[in-house]
There are 2 protein chains.
Amino acid sequence: MSCDAEHDQLVADVFARACTSRGVLEHVTGRWGTLALAALAEGPFRFNALRRKVDGVSEKMLAQTLQALERDGFVHREAEPTIPPRVEYSLTPLGAEVAGRLRELIELVEGRVPEVEAARRAYDEAKSAVAR
Amino acid sequence: MSCDAEHDQLVADVFARACTSRGVLEHVTGRWGTLALAALAEGPFRFNALRRKVDGVSEKMLAQTLQALERDGFVHREAEPTIPPRVEYSLTPLGAEVAGRLRELIELVEGRVPEVEAARRAYDEAKSAVAR
DNA sequence: CAGAATCCGCAGCGATACTG
DNA sequence: CAGTATCGCTGCGGATTCTG
């Protein structure tokens, strides 16, 4: 699973694919990528509207995230060359598919939060018991 | 979607849940979390076996990742108190569910890598065209 | 309004060495 | 073998400023 290019040529592209998908996955599942995708799943948004929806994100990170997602073909960027500029972001069909899968994962995790919290308590208790 | 505790008490736990799930999601989807979960989906492994499977991970990060996943209740850790120590990691039922969803997402993304790469090329080309 | 550019701090990572 | 401890450094991410 290494990304170093010290492999036979035949397996090189296999690793390239694996590494590409890893990179893409990090865009998608990264802190802001998840939130941006989730927000856009509700419909198209303009930059600052998105910024308000994904509360806590800085301008820089939102721009960075959107660019990465646009480059990967998950997000469509529609700019009207007016003054003031008006730019709308929306999901591409591919983006919508990914957002859907992501949503399933998120909903599974969110539904299990109580179990996770119980597991956390049990774990922490066991730890502190050992400490004593 | 803020995590700052400056909200009414009624909505506080809603945010707490949202933030908890965000944290959990970052454990799961983070660079090493993904790989660890994917590796464990194939079966139980001992520490160093896992380390070899998830090639490129440092001892420290693997230990850290596994602890986070264990604390969240996704991974079970079975230690035999022998010398030398023998520790086996495996997925809990909950972990298996999450790994499954994760796998669906990964496979979707991997299957679409060609499209992503095409989108990247188109994007980069458009960029450099503007530069000229 | 939508971004690009710049500066900077510090969390987090990796490498290394050590322990039970 | 399965970790913990320590340290140096990189790079992520926030704040700020500037442009079209």
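So you know, we letter chains A, B, ... as the sequences are listed, proteins then strands, and number each from 1. Because only heavy atoms are used, hydrogens play no part in the values below, and waters and symmetry mates are left out as well, while side chains stay in.
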### Query
On DNA chain D, nearest-nucleotide positions of M61(A) versus Q67(B): which is more 5'?
Q67(B)
### Message
Can you tell me which nucleotide in dC1(C), dA2(D), dC13(C) comes closest to the side chain of V87(B)?
### Response
dA2(D)
### d(NZ, K60(A); C1', dG14(D)) in whole Å
7 Å
### Query
R51(A) CZ to dG3(C) P: how many Å, rounded?
12 Å
### Message
Quick check on dG3(C): is either OP1 or OP2 less than 4.0 Å from any side-chain nitrogen or oxygen of Y89(A)?
### Response
yes
### Task
Taking only the side-chain heavy atoms of F47(B) (C-beta and beyond), determine which of dC1(D), dA4(C), dG3(D) contains the nearest atom.
dG3(D)
### Query
Has the side chain of T92(B) got a donor or acceptor atom that lies under 3.5 Å from a matching backbone atom of G73(B)?
yes
### Message
Let's see if you can work this out: which of dG3(C), dG14(D), dC13(C) has an atom nearest to the side-chain heavy atoms of S58(A)?
### Response
dG14(D)
### Task
Calculate, to the nearest 0.5 Å, the distance between atoms CZ and OH belonging to R77(B) and Y123(A) respectively.
7.5 Å
### Task
Specify the separation, in whole Å, of atom CD1 of I83(B) and atom C1' of dG20(C).
7 Å
### Residue pair L66(B) / L50(B), side-chain heavy-atom distance below 4.5 Å
yes
### Summary
note: E88(A), atom CD; dG3(C), atom C1'; distance rounded to Å ~ 17 Å
#### Entry: Comparing Q64(B) and A49(A) on DNA chain C - which has the more 5′ nearest nucleotide
A49(A)
### Task
Drop me the distance from L40(B)'s CG to Y89(B)'s OH, to the nearest 0.5 angstrom.
10.0 Å
### Query
Under 4.5 Å between any side-chain heavy atoms of T29(B) and L105(B), yes or no?
no
### Query
dA15(D) C1' sits how many Å from L62(A) CG, rounded?
16 Å
### Query
Can you tell me if the side-chain N/O atoms of R46(B) get under 4.0 Å from OP1 or OP2 in dA2(D)?
yes
### Query
In whole angstrom, what separates E59(B)'s CD from dT16(C)'s P?
12 Å
### Query
To the nearest 10 degrees, what angle separates the axes at the start and end of the helix from dC1(C)-dG20(D) to dG20(C)-dC1(D), five pairs each?
40°
### Query
Tell me: CD of E78(B) to C1' of dA2(D), nearest whole Å?
15 Å
#### Entry: Nearest-0.5 Å distance, CG of residue L102(A) to CG of residue L108(B)
10.5 Å
### Query
Can you tell me how far P of dC1(D) sits from CZ of F45(B), to the nearest Å?
16 Å
### Query
Would you say a side-chain N or O of R77(A) is under 4.0 Å from OP1 or OP2 of dG3(C)?
yes
### Heavy-atom side-chain proximity of N48(A) to R51(A) below 4.5 angstrom
yes
### Message
Of the options dG3(D), dC13(C), dC1(D), whose atoms approach the side-chain atoms of A63(B) most closely?
### Response
dG3(D)
